[in-house]
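Worksheet: one structure, shown below.
Below, chains carry the letters A, B, ... as their sequence lines are ordered, and counting in each starts from 1.
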Number of protein chains: 2
Amino acid sequence: MTVTETERWLELLEQKGSRITGPRKAIVELMVDADHALNPVDVFDRARVKYPKMGLVTVYRTLEVLSDLGLVERVHQADDCHMYLRAAQGHEHLLICSCCGKAAYFSGDDLGMLIQRISMESGFSIQGHWLQLQGLCQSCQPKKIQTQQGE
Amino acid sequence: MTVTETERWLELLEQKGSRITGPRKAIVELMVDADHALNPVDVFDRARVKYPKMGLVTVYRTLEVLSDLGLVERVHQADDCHMYLRAAQGHEHLLICSCCGKAAYFSGDDLGMLIQRISMESGFSIQGHWLQLQGLCQSCQPKKIQTQQGE
DNA sequence: TCCTTATTGAAAATGTTTTTCATTTTCATT
DNA sequence: AATGAAAATGAAAAACATTTTCAATAAGGA
C-alpha cells in the first residue's frame with residue numbers, strides 16, 4: 001500500500017515532466033508515510049536519514065512541487081502554519097492533535113444547508129470551506145491530564 | 001457603537017494593567033472598525049495616518065497584546081496566515097473573501113453530532129473546531145468573472 | 001556512452017518577526 | 001501642576017524563515 005502510493009506520487013511527478021531524483025524519492029517516501037504534520041526542517045531531518053546530502057533548499061522546492069501536484073498540503077494550526085501533510089482526498093477534513101501534531105482525515109460532514117444559508121444572507125458566492133477538529137490523540141491525553149488539567 | 005467598542009477595548013487594556021497610549025489608541029480604533037483582515041504592514045500603514053510616528057515594532061507588539069486579551073485573532077488563508085481581525089465573539093465562524101480579504105462572522109453551525117462521531121471513531125478528545133467559508137464577496141464577484149472564469 | 005537540461009546544494013539575498021536599548025510617555029503620587 | 005517610577009516606544013541590530021542565484025552534478029533520452 002505504502003510502496004504503491006509512493007510509486008503513484010513518483011509517476012505523477014514524471015508525467016508532469018519532472019525528473020525522479022534521490023532527494024525527491026526520499027521526501028516522497030517520508031511524506032506518504034507521515035502521520036504527523038511536518039515542517040520543512042522536520043522533513044529535512046527525516047529525509048537526511050535516507051539521503052544524507054539533502055539540502056534544506058531542496059526540501060522547500062520539493063514540497064512546493066508536491067503541493068502544486070496536490071499531493072501534499074499545508075496544515076494550519078492556531079500558532080503554526082508551516083507544516084505539511086499528504087493532501088486530503090476528495091472531501092476529507094483534518095483532525096489534528098494539538099499536542100503532538102498527529103493527524104488523521106475524516107469525512108462525512110454535511111454543511112450544505114449551512115453554506116446555502118450563509119450564501120443567501122451574505123451575498124458571497126461560496127467557493128469552499130475549511131473544517132478542522134483540534135483535540136488530543138489517545139497517547140497525548142494522559143500527558144495533558146497530568147500536567148495541566150484543563151488548558 | 002464603534003466608539004463604545006473602542007472604549008471597551010481600551011478599558012480591557014487598562015484593567016490588565018497596560019497603559020493607554022497614542023499608538024495603541026490608533027491601532028485599536030482601526031482594528032475595531034476593520035472589515036478586512038489586515039497584516040501587520042497594513043495595520044502599520046493605516047495607523048500612521050492617525051499617528052505618524054508609529055513604528056512597525058509597536059504594531060507587532062500591540063497586535064500581540066490585543067491577541068492575548070482575545071480581542072483580535074489571526075486569520076488563516078490558504079496562502080497567507082499573517083492577517084489579523086477582531087476576534088470571533090462566542091461561537092462565530094469566519095466567512096472571508098478570497099479575493100479582497102473582506103471578512104464577516106456567522107454563527108449557527110451545528111457540528112455536535114459530527115464531533116461526537118469522530119471523537120468515538122478516532123479516540124481523540126476533541127477540544128475545538130475550526131470552520132471557515134471562503135468565497136467571493138459581492139464586489140469581487142464581477143471582477144473574477146471578467147478576468148479568470150473559474151480559477 | 002554521450003549530451004542536454006533539470007536538479008541540486010551552498011552561499012547570498014530577501015523579507016518578516018523579535019530583541020535590545022536609550023529615550024519618551026503615561027499616570028499615580030505629590 | 002510637578003515629580004518620578006515604570007511601561008511603552010522607535011530605531012537599529014539580531015534572529016529566523018524562505019527565496020534566489022549560480023556553478024556543479026545527475027537524470028534519462030538519444
Side-chain angles (χ1 to χ4, degrees), chain A residues 7 9-30 37-69 72-84, chain B residues 7 9-31 37-69 71-84:
Chain A
E7 277 161 9
W9 287 29
L10 293 176
E11 272 163 29
L12 283 168
L13 263 178
E14 205 165 32
Q15 280 167 30
K16 190 206 147 207
S18 299
R19 290 180 181 172
I20 308 303
T21 66
R24 285 179 176 169
K25 262 188 209 156
I27 292 171
V28 164
E29 280 167 15
L30 146 199
L38 302 173
N39 67 36
V41 174
D42 295 334
V43 174
F44 179 55
D45 290 338
R46 294 185 183 209
R48 262 189 304 182
V49 174
K50 293 168 188 265
Y51 191 92
K53 278 195 291 160
M54 178 74 65
L56 180 56
V57 184
T58 297
V59 172
Y60 278 98
R61 287 191 282 226
T62 303
L63 288 174
E64 190 181 4
V65 170
L66 295 176
S67 174
D68 289 346
L69 282 169
V72 304
E73 63 191 18
R74 199 191 271 263
V75 168
H76 299 261
Q77 289 188 275
D79 48 333
D80 186 359
C81 298
H82 302 262
M83 306 194 124
Y84 290 82
Chain B
E7 276 161 10
W9 287 29
L10 294 176
E11 271 163 31
L12 284 168
L13 263 178
E14 205 165 33
Q15 281 168 28
K16 190 207 149 206
S18 299
R19 290 180 181 172
I20 308 304
T21 66
R24 285 179 176 170
K25 262 188 209 155
I27 292 172
V28 165
E29 280 167 15
L30 149 195
M31 290 304 297
L38 301 173
N39 68 35
V41 175
D42 295 334
V43 174
F44 179 55
D45 290 338
R46 295 186 181 208
R48 262 189 304 182
V49 175
K50 293 167 187 264
Y51 191 92
K53 278 194 292 159
M54 178 73 67
L56 180 57
V57 183
T58 298
V59 172
Y60 278 97
R61 286 190 282 225
T62 303
L63 287 174
E64 189 181 5
V65 170
L66 295 176
S67 173
D68 289 346
L69 283 169
L71 294 171
V72 304
E73 62 191 17
R74 199 190 271 261
V75 168
H76 299 262
Q77 289 188 277
D79 48 333
D80 187 358
C81 299
H82 302 263
M83 307 194 123
Y84 289 83

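Protein atom CZ of B/Phe44 is 8 Å distant from nucleotide atom P of D/dA11, rounded to whole Å. Straight-line distance from the CE atom of B/Met54 to the C1' atom of D/dG10: 11 Å, rounded to whole Å. The nearest whole Å value for the distance from the CG atom in B/Leu10 to the C1' atom in D/dA8 is 15 Å. When rounded to the nearest whole Å, the span between NZ of A/Lys25 and C1' of D/dA26 equals 12 Å. Between the CZ atom of B/Arg74 and the C1' atom of C/dT16 there is a distance of 11 Å, rounded to whole Å.
The shortest side-chain heavy-atom distance between A/Met83 and A/Asn39 falls under the 4.5 Å cut-off. Contact of the B/Val59 side chain with the B/Tyr84 side chain is not registered, since no non-hydrogen atoms from C-beta on lie closer than 4.5 Å. Within the 4.5 Å cutoff, the side chain of A/His82 has heavy atoms near those of the A/Arg74 side chain. Looking at heavy atoms from C-beta onward, B/Ile27 lies out of side-chain contact with B/Arg24 at the 4.5 angstrom threshold.
Across all strands shown, the partner of C/dT29 is D/dA2, judged by Watson-Crick or G-U wobble contacts whose two distances both fall under 3.5 Å.
Less than 4.0 Å separates DNA chain C from at least one heavy atom of each of the following residues of residues 56-69 of chain A: A/Val57, A/Thr58, A/Arg61. Contacts of residues 13-21 of chain A with DNA chain C (heavy atom under 4.0 Å): A/Ser18, A/Arg19, A/Thr21.
OP1 or OP2 of D/dC16 has not a single side-chain nitrogen or oxygen of A/His82 nearer than 4.0 Å. Contact between the side-chain N/O atoms of A/Arg24 and the OP1/OP2 oxygens of C/dT8 is found at a separation under 4.0 Å.
The nearest pair of heavy atoms linking B/Leu30 to B/Val43 is CD1-O, 3.7 Å. Minimum interatomic distance between B/Leu10 and B/Val28 (heavy atoms only, all atoms of both residues): CD2-CG2, 4.0 Å. Considering all non-hydrogen atoms of both residues, B/Phe44 and B/Gly55 come closest at CE1-C, 3.6 Å.
Mapping B/Tyr51 and A/Pro23 onto DNA chain C via the closest heavy atom, the residue that lands nearer the 5' end is A/Pro23. The 5' end of DNA chain D is approached more closely, in terms of each residue's nearest nucleotide, by A/Val41 than by the other of A/Val41 and A/Lys53.
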Intermediate values then yes/no, side chain to side chain contact (heavy atoms under 4.5 Å, CB included), B/Val65 and B/Lys16
CA-CA 10 Å; B/Val65 170; B/Lys16 190 207 149 206; 3.8 Å; yes
Stepwise, does the side chain to side chain contact (heavy atoms under 4.5 Å, CB included) test hold for A/Lys53 with A/Arg48?
CA-CA 7 Å; A/Lys53 278 195 291 160; A/Arg48 262 189 304 182; over 6 Å; no
